[in-house]
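Contents: one structure, followed by commentary.
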Amino acid sequence: MRPVLLAFAVLPACVSPVARTAPAYIAEIAPLLQANGLLADRVLVVAAKVHDGTLEVGDAAIAWRDDIVPLAVELSDQAALTEP
């Protein structure tokens, strides 16, 4: 067998364990990334409304307490269960 063909024949066995598990890890964290994007959107919406003056600071505090912080805690809890 020619050396180049031999190299291609054994190459799949040389793939690192990390590379083999990467697709499963990506599938596991995809929902977390989506939730993180939702969290970022909610933070930005509240911040923009406060900046524009269409949301009072007290109402912003309620939005943080009732919506943003619980979502952040849930996301943090889910991320803690993820194995890198």
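Numbers here are sequence positions counted from 1.
- Under the side-chain hydrogen bond (donor to acceptor under 3.5 Å, both in side chains) criterion, Asp67 pairs with Arg42, sequence neighbours left out.
- The side-chain hydrogen bond (donor to acceptor under 3.5 Å, both in side chains) test applied to Gln78 returns Glu74, not counting sequence neighbours.
- Distance OG1/Thr82 to CG/Leu32: 4.5 Å, rounded to 0.5 Å.
- You'll find the side chain of Gln34 stays beyond 4.5 Å of the side chain of Leu38, heavy atoms only.
- In terms of hydrophobic clustering, with Ile, Leu, Val, Met, Phe, Trp and Tyr side chains grouped at heavy-atom distances under 4.5 Å, Ile68 and Val73 are assigned to a common cluster.
- Pairing each heavy atom of Glu28 with each of Glu83, the nearest pair is OE2-N, 4.0 Å.
- Note: the hydrophobic cluster containing Leu33 also contains Leu71 (ILVMFWY, side chain heavy atoms under 4.5 Å, direct or indirect links).
- Residues Leu75 and Ala35 share a closest heavy-atom pair of CD1-CB, 3.9 Å.
- Grouping the Ile, Leu, Val, Met, Phe, Trp and Tyr side chains by contacts below 4.5 angstrom, directly or via other members, places Val69 with Leu39.
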